[in-house]
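Just the heavy atoms: all of them, side chains too, but no hydrogens, waters or symmetry mates, feed the values below. Predicted model, so just to flag it, every value in this text is computed and none were measured.
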Amino acid sequence: MNTLDSETALGDSKAIISNQEDIHEKLDEVVNRHLTHASQKPYQKHTEEAFAQMDALVKAFLVANPEGEIILDACCGVGQSTRILAKQNPQALVIGVDKSDHRINRNVEGFDADDGFTAENYHLVRADLNDFYRLVKAANWAVSKHYILYPNPWPKSKHLQRRWHGSAVFPQMTSIGQQLILRSNWRIYLAEFQQAAKFVDLQGDIDSLPVTEPSLALTPFEAKYQASGQICWQLTLKR
């Protein structure tokens, strides 16, 4: 669900333009429909295989670390956020998921052995999150934190159902994690997710993020947006 060009230079990212001025008028209707009609779409084979590998890792990790945490980093792109979260949470196993094999296998500047980002507590995996989420839910992973950072919000009004909160997998994705953390440079996107989340008993607030040095940004998108003078927002949801 990410159509932004991650190769755009710092300070060269355009602000989102939308024909929506507020929360989509059909949001509640769409969310309710997905909550009452579970997805029956067959799983893609490559995602089933990727999940099986991650599921084995998760189970082995929890056997060896009964007090350990599982953190899910959805739409992880090149995995910068996954590496940072792993370093910040040494007690956790951080799973970064992205649909692009090219992105997750790309080297990230500044993230090499000399910078301490060789932690063994993270893994990057190529998978379709629409399937991966359903498999995680079925396996009942005990995820502590679930990050969804800077996907393209599909700003045209007609594309509501391409946004995560308008998709068929919304019920499964929001059942994963005791805490969900979303970031975006389009506040309406987060306001819609916040409203949709109330249907699944998730509550939380939207806050603006402080501007940081590009080297301290959680993702390359965050660095680009802030360098372009855009405000980045975070929605933190809890059960």
| query | Side chains of W186 and S18: closer than 4.5 Å at any heavy-atom pair? | reply | yes
| message | For V78 versus P220, what's the shortest heavy-atom pair and its separation? | response | CG2-CG, 4.0 Å
| task | Could you tell me whether a side-chain N or O of S144 sits under 3.5 Å from a main-chain N or O of I70, the two making a donor and an acceptor? | result | yes
| said: Does either side chain, that of R33 or that of Q161, offer a donor lying less than 3.5 Å from an acceptor on the other one? | reply: yes
| field | Pair D28-F199, side-chain contact (heavy atoms from CB on, under 4.5 Å): steps then yes or no | value | CA-CA 9 Å; D28 291 359; F199 288 94; 3.6 Å; yes
| message | Please determine whether side-chain contact (heavy atoms from CB on, under 4.5 Å) holds for the pair Q226 and T212, giving the CA-CA distance in whole Å, both sets of side-chain angles, and the decisive distance to 0.1 Å. | response | CA-CA 8 Å; Q226 292 192 337; T212 64; 3.5 Å; yes
| Relative to the ring of F132, is the ring of W141 parallel (under 30°), tilted (30 to 60°) or perpendicular (over 60°)? | perpendicular
| Are any of the side-chain heavy atoms of I181 and I148 separated by less than 4.5 Å? | no
| request: Return yes if a side-chain donor-acceptor contact under 3.5 Å exists between Q172 and R134, otherwise no. | output: no
| Path from I84 to L216 over hydrophobic side-chain contacts below 4.5 Å | no
| message | Less than 4.5 Å apart, side chain to side chain, heavy atoms only: is that true for L93 and Y122? | response | no
| query | Hey, what do you get for CG (D22) to CG (L27), rounding to the nearest 0.5 Å? | reply | 10.5 Å
| query | Can a salt bridge be assigned to the pair R126 and D101 using a cut-off of 4.0 Å between side-chain N and carboxylate O? | reply | no
| request: Please report the closest heavy-atom contact between A50 and V125, naming both atoms and the distance. | output: CB-CG2, 3.4 Å
| query | When you measure from the centre of the six-membered ring of W154, is the NZ or CZ of R162 under 6.0 Å away and within 45° of the axis? | reply | yes
| request: For residues L237 and L182, determine if any side-chain heavy atom of one lies less than 4.5 Å from a side-chain heavy atom of the other. | output: yes
| field | H34 side chain vs G166 backbone, donor-acceptor pair below 3.5 Å | value | yes
| message | Could you go through Q194 and D205, starting from their C-alpha distance and side-chain angles, then the distance that decides it, and tell me whether this counts as side-chain hydrogen bond (donor to acceptor under 3.5 Å, both in side chains)? | response | CA-CA 8 Å; Q194 181 186 40; D205 298 314; 4.7 Å; no
| said: Distance alone, cut at 3.5 Å: any donor-acceptor contact between the side chains of D73 and T82? | reply: yes
| Spacing of T236 atom OG1 and L202 atom CG [to the nearest 0.5 Å] | 11.5 Å
| request: Enumerate the residue pairs fulfilling ring pair (Phe, Tyr, Trp, His ring centres under 6.0 Å) with a member in residues 57-96, sequence neighbours excluded, ordered by first and then second residue. | output: none
| query | Can the ring centroids of Y225 and Y150 be said to lie less than 6.0 angstrom from one another? | reply | yes
| request: Check I104 against C76 and note the closest heavy-atom contact, atom names and distance. | output: CG2-SG, 4.1 Å
| message | Taking the side chain as everything from C-beta on, heavy atoms only, tell me whether L160 gets closer than 4.5 Å to E192. | response | yes
| task | With rounding to the nearest 0.5 Å, note down the distance linking OG in S175 to CG in L180. | result | 9.0 Å
| task | Walk me through it: do D201 and R239 pass the test side-chain contact (heavy atoms from CB on, under 4.5 Å)? | result | CA-CA 6 Å; D201 297 323; R239 300 201 181 283; over 6 Å; no
| field | Any donor-acceptor N or O pair under 3.5 Å, side chains Q91, E69 | value | yes
| message | Under a 3.5 Å cutoff, is there a donor and acceptor pairing between the side chains of Q44 and E49? | response | no
| Looking at CG of L190 and CD of Q234, how far apart are the two atoms once the value is rounded to the nearest 0.5 Å? | 9.0 Å
| query | Can you find a heavy atom in the side chain of F51 that is under 4.5 Å from one in the side chain of Y43? | reply | no
| request: Evaluate the criterion salt bridge (Lys or Arg N to Asp or Glu O under 4.0 Å) for residue pair K99 and D128; output intermediate values, then yes/no. | output: CA-CA 5 Å; K99 67 180 180 180; D128 184 325; over 6 Å; no
| Nearest heavy-atom neighbours spanning A92 and I71 | CB-CD1, 3.8 Å
| query | Are side-chain N/O atoms of Q230 and N185 paired as donor and acceptor at under 3.5 Å? | reply | yes
| message | Within the 4.5 Å heavy-atom criterion, are L57 and H123 side-chain neighbours or not? | response | yes
| request: In sequence, state the C-alpha distance, the side-chain angles, and the governing distance for V136 and M173, and then conclude on side-chain contact (heavy atoms from CB on, under 4.5 Å). | output: CA-CA 9 Å; V136 168; M173 73 180 294; over 6 Å; no
| message | Quick check: do Y189 and R163 have side-chain heavy atoms less than 4.5 Å from each other? | response | yes
| query | For the residue pair F170 and A197, what are the closest heavy atoms and their distance? | reply | CZ-N, 3.9 Å
| remark: Closest non-hydrogen contact found for P155 with N19 is O-OD1, 3.9 Å
| What distance separates Y133 OH from D131 CG, expressed to the nearest 0.5 Å? | 12.5 Å
| field | Distance, nearest 0.5 Å, that separates CD of E48 from NE2 of H46 | value | 10.5 Å
| field | Co-membership, hydrophobic cluster, residues V211 and I16, 4.5 Å side-chain | value | no
| said: Quiz question: by atom type and distance under 3.5 Å, do the side chains of S157 and H24 form a donor-acceptor pair? | reply: yes
